[in-house]
Q: 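Here it is, the structure in full.
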Amino acid sequence: MFLLSLPLLLVCAFVRAFEDSVTDYAPSVNVECPDITNTQFVREFTASNQSLNPQEAEYVATRLNTTIADAWKDWLGSGDQLGYNVSSFQGVFPKIGLALPGGGLRAAQWGASSLSALDARNESSKAAGTGGLLQVSSYLTGLSGGSWITGSIFFNNFPGFNDLVFGNGNDLGGWLLDLPFATPDGTDIFSEKNQYFFGSLLWSVMAKAGTGIDTSITDPWARMISYRFLNQTSRDNIFTNDTAHGAGQLWSNIPDIPAFQQHLLPIPILVTDSRPSTSNDTRVLGLDSTVYEITPFELASFDPSLSAGANISYAGTHLVEGRPANGTACVTGFDQAGFMMGTSASLFNQILDFGRNTIQGFSDSDANGLLYVLSRQLSEVRTRSDDVANWPNPFQGLKKDSYQDADATWLSLIDGASNIENIPLGPLFVRERGLDVVVTLDGSADTSQNWPNGTGVIFSSQRQQQFLSASHQPFPPFPQDAQAFLDTGVTLRPTFMGCDPHNNPPEYPLMIYIPNTPPFNGDDPVANTATFRLTYTQKHMRLFFDQVHNNTLSGFVPNTNNADPNFGVCLQCASVDRARYKVSNPPLARSDVCQKCFDQYCFDPQNPPSKDALPGRKFDFVDPDPQGVDRLTGFLGSNGKKLIGGLVGLVVLIGVLIGVLIWWRKRKEKNRQGVYKRVSALHQEGDEWRNSSGFSKGFGHGPSESGFENRESRYEDYVRPEAYELPSHQGSLVR
Ligand SMILES: *[C@@H]1O[C@H](CO)[C@@H](O)[C@H](O)[C@H]1NC(C)=O
Ligand SMILES: *[C@@H]1O[C@H](CO)[C@@H](O)[C@H](O)[C@H]1NC(C)=O
Ligand SMILES: *[C@@H]1O[C@H](CO)[C@@H](O)[C@H](O)[C@H]1NC(C)=O
Ligand SMILES: *[C@@H]1O[C@H](CO)[C@@H](O)[C@H](O)[C@H]1NC(C)=O
Ligand SMILES: *[C@@H]1O[C@H](CO)[C@@H](O)[C@H](O)[C@H]1NC(C)=O
Ligand SMILES: *[C@@H]1O[C@H](CO)[C@@H](O)[C@H](O)[C@H]1NC(C)=O
Ligand SMILES: *[C@@H]1O[C@H](CO)[C@@H](O)[C@H](O)[C@H]1NC(C)=O
Ligand SMILES: *[C@@H]1O[C@H](CO)[C@@H](O)[C@H](O)[C@H]1NC(C)=O
Ligand SMILES: *[C@@H]1O[C@H](CO)[C@@H](O)[C@H](O)[C@H]1NC(C)=O
Ligand SMILES: *[C@@H]1O[C@H](CO)[C@@H](O)[C@H](O)[C@H]1NC(C)=O
Ligand SMILES: *[C@@H]1O[C@H](CO)[C@@H](O)[C@H](O)[C@H]1NC(C)=O
């Protein structure tokens, strides 16, 4: 086995040198590190003396002076329509960040269509006056489903949003959301095409596992995300291995993307939460748990307890006190774009019920079928914590007095909304970033009809007050609780918050709150779909996109169902307002035009607005293309299942991804409820089951031939164990 597989591996390496392959998902381990005495792998700072990554600071400064300066001119013109002479701002404009919330494919589509309404390149947005805000922004944060649109913008080189989502019939394949996310050939998982698809996912994951780095359910998930949101998958090649389907594209490659090089885009930041290594609870996460951000430069946390950033290019390297333990044991290529988005959207710890071994709505017969597929995966690859994104901890040994994972060799990173902060606001409030305006795009599904109710804003503000007051700016005033968000109608219209600070410089940024709302004109809503809806028809996607686009341009006129022709101007007023504070103290006077806008759009806590001013809105989702649901239930019908449209995708996805974990847990009754299962034990069982069921066949042309399946000898075979500093953990396979 040992001798046989080595040449095969070389052949693989040879072939890979010439063409993209899905196995490019594997990081490179045992890479020669840069000079470890003089290279800074981890940057440390303090809450009271923060610093930004120098490359981030440089990009933001250059962009502000160049493309953003031009974009303001393009957007505001002379300023006449606002009642200002723009030259009186002396070229000093507010610094702006945009936040895209989580919520699966709804959030991704909603993010795209909202951004298209703020995009100067779209003719109707430009005409409405809203198009331009995207171009003057310095930061774009995303989490979970919001991370997918964020990544997609960059890895497709910033095409128009319409082309990004729907494809352009040429080099852009679009998101192909009419093909089920987890089972693109339909729910028959045994169909030849689905089997090819799964085979490709497994091939990627096994290639990563073969390097000795622990994987988890987040890895096949990351690969599925890559098919949709990166740039190498089209309707024609989705069931082939003709491209790498995004494998090998790294988050740290973003600075090489042409649109980034031309400073056309804000800095993208993804947010991910962490389950403390000391926690034995799989699901509940407090606001005190460390929150991390992933930039094109760093995995970082501005939480006062950590205040550090690690070079993203070396993510996956085992660092102790900021240094690699071994100068020839560096890891590169761990920061796969798909894995970054998958990490931010790794919600499996929440949907797996370890205690009862169930997933809601999931039947045994489906589980049994889907189990087969996943059993193949997990019986082949090494995993650590099954239900989280496993990252070697680059911060081990740092900030021992305050950092909760200072002793941990691995980080358990999970969905960025796990602490109920569904909008990635944290990075935009970091003091050192100095943002003047935060655009909160809130497409959360908080209410029973999948509309937001402000919960994300409320939790982020609470976290700021309780844990981040030294490091982050405070929030502007907003309705005091979720019920007040609903009662004031703030969730039914765009609202500006913190319009009139008491100090100069202002004590908080101005927030432009743009929620997902029922159509202003009383149309049936099509954009309040369930988070777990994972298939959309083309027709639905089209209507979703256009409805949200139109809605975002339209603002509101009190007590009517009319669009506000002035909304574009009002959005410009809000975006530029903080410039008044920058050019003089006391601030330059606000123009009458803008004051009128603020009277209509600002939230005044002393005199809150009412939802009664927003009549005739329809709240219940109406499926614009019920044909689609019929089709879905049609192929589920063969299983005798009756499922609601929105749940179909959920059931299939969860089933595909985690069926086998459930199965394993059922077999392991002796395991105490809630206790983490180390995967070494699982592999023992996987063996038995696989062998007894003959499932080991079918890997004939995959990496298993190169010996990945031989778990006992894997490290000895392929990884110099002394060189890849595999952190030891309980249940390690290294014996
Ligand atoms: C803040 O940190 C920088 C290094 O990042 C250091 O040069 C400077 O002296 C520090 N300032 C204070 C007041 O500690
Ligand atoms: C950017 O503009 C500021 C102020 O206008 C100036 O001080 C700085 O030198 C400029 N930086 C670059 C890179 O042009
Ligand atoms: C705007 O201000 C600039 C400089 O203060 C001045 O030269 C220009 O004439 C003003 N434009 C208008 C339309 O008032
Ligand atoms: C896809 O994106 C990668 C990374 O930006 C780029 O190198 C490549 O040229 C793109 N491929 C296509 C087909 O656009
Ligand atoms: C891609 O290759 C892997 C490994 O050979 C195989 O299992 C899988 O079925 C292939 N997938 C496609 C789409 O051809
Ligand atoms: C989890 O941790 C808590 C406190 O740290 C402890 O009381 C509890 O027994 C632990 N539960 C399990 C199942 O280990
Ligand atoms: C990460 O390290 C590489 C190699 O030393 C260096 O080129 C790169 O600039 C570093 N990135 C950051 C963000 O410091
Ligand atoms: C607001 O949304 C949260 C979910 O994010 C939900 O738990 C809560 O009940 C909602 N409250 C109201 C008043 O709708
Ligand atoms: C602008 O947005 C509208 C609304 O979604 C869309 O129909 C149109 O194609 C977009 N234009 C461009 C150039 O992307
Ligand atoms: C969007 O607005 C345009 C122009 O007002 C209108 O023709 C179109 O029907 C609207 N589309 C939707 C989906 O609301
Ligand atoms: C570092 O790795 C090399 C192999 O790359 C190995 O020979 C050496 O013993 C390792 N050093 C330590 C201190 O583990």
Side-chain angles (χ1 to χ4, degrees), residues 28 31-45 51-60 73 76-92 109-110 113 116-117 122-125 127-128 130 162 250-256 260 267 269 293-300 308-317 319 322-324 327 330-335 394 517-527 539-555 561-565 567-568 583-584 588 591 618 622 624-625:
S28 303
V31 171
E32 187 82 33
C33 302
D35 175 4
I36 58 174
T37 42
N38 295 313
T39 304
Q40 194 182 38
F41 291 87
V42 178
R43 210 168 55 79
E44 292 182 74
F45 47 91
S51 63
L52 300 182
N53 179 280
Q55 295 176 45
E56 171 187 326
E58 155 69 22
Y59 182 87
V60 169
K73 278 186 214 145
L76 304 184
S78 65
D80 266 1
Q81 76 283 14
L82 307 179
Y84 292 122
N85 181 342
V86 162
S87 4
S88 55
F89 298 133
Q90 299 163 27
V92 184
Q109 292 180 91
W110 185 77
S113 37
S116 106
N122 183 289
E123 68 288 346
S124 59
S125 316
T130 54
N162 201 65
L250 306 179
W251 204 251
S252 58
N253 291 154
I254 285 176
D256 302 331
F260 194 91
I267 297 245
I269 301 181
E293 54 172 58
I294 301 169
T295 77
F297 311 111
E298 295 184 330
L299 172 76
N311 188 324
I312 192 80
S313 300
Y314 291 102
T317 304
L319 305 176
R323 289 192 191 291
C330 272
V331 173
T332 58
F334 182 88
D335 58 321
T517 68
F520 69 92
N521 58 6
D523 279 357
D524 287 326
V526 302
K539 183 179 172 195
H540 187 176
M541 285 174 74
R542 185 73 256 165
L543 268 171
F544 185 129
F545 196 92
D546 291 342
Q547 186 175 84
V548 172
H549 178 97
N550 277 10
N551 221 24
T552 310
L553 305 178
S554 300
N561 290 94
N562 300 335
D564 178 2
F567 179 60
V583 287
S584 76
L588 221 65
S591 72
K618 291 196 186 136
V622 176
D625 194 12

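Counting starts at 1 for both ligands and their atoms, in listed order. Only this structure's heavy atoms are used, side chains among them; waters, hydrogens and symmetry mates stay out.
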Q: Which atom pair, heavy atoms only, marks the closest approach of V331 to T317?
A: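 Scanning both residues, the minimum pair turns out to be N-OG1, 2.8 Å.
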Q: Ligand 3: which residues have a non-hydrogen atom closer than 4.0 Å?
A: N85, S87
Q: Taking distance alone, with no angle check, do N311 and ligand 7 share an N/O pair under 3.5 Å?
A: yes
Q: Side-chain contact, heavy-atom cut-off 4.5 Å: I267 with V60?
A: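 A side-chain contact exists here, since the closest heavy-atom pair is under 4.5 Å.
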Q: Answer side chain, backbone, both or neither: which part of Q40 comes under 4.0 Å from ligand 7, heavy atoms only.
A: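 No part of Q40 is near ligand 7 at this cut-off.
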Q: Testing the 3.5 Å rule here: is there a donor-acceptor pair between the side chains of S78 and N85?
A: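 No - no donor-acceptor pair under 3.5 Å links their side chains.
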Q: Check V42 against A308 and note the closest heavy-atom contact, atom names and distance.
A: CG1-CB, 4.2 Å
Q: Can you name the atoms of ligand 10, numbered from 1 with element, that are less than 4.0 Å from a heavy atom of D546?
A: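 Selected atoms, number and element: 13 (C).
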Q: Parallel, tilted or perpendicular for Y314 and F41, by the 30°/60° rule?
A: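 Answer is perpendicular, since the angle exceeds 60°.
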Q: Examine the side chains of S116 and N122 and answer whether a donor and an acceptor come within less than 3.5 Å of each other.
A: no
Q: Which one holds for I312 and ligand 7: side chain close, backbone close, both close, or neither close, with close meaning a heavy atom under 4.0 Å?
A: neither
Q: Answer yes or no: is there a side-chain heavy-atom contact under 4.5 Å between E32 and C330?
A: no
Q: Can you check whether N550 has an N/O within less than 3.5 Å of an N/O in ligand 10?
A: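 By distance alone, the answer is yes.
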Q: Parallel under 30°, tilted from 30 to 60°, perpendicular over 60°: which one fits the rings of H540 and F544?
A: tilted
Q: Ignoring hydrogens and angles, tell me if any N or O in the side chain of Y84 forms a donor-acceptor pair with the backbone of S591 under 3.5 Å.
A: yes
Q: Where on F41 is there a heavy atom closer than 4.0 Å to ligand 7, on the side chain, on the backbone, on both, or on neither?
A: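 F41 to ligand 7: no contact under 4.0 Å from either part.
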Q: If you measure from each heavy atom of E298 to ligand 7, is any distance below 4.0 Å?
A: no
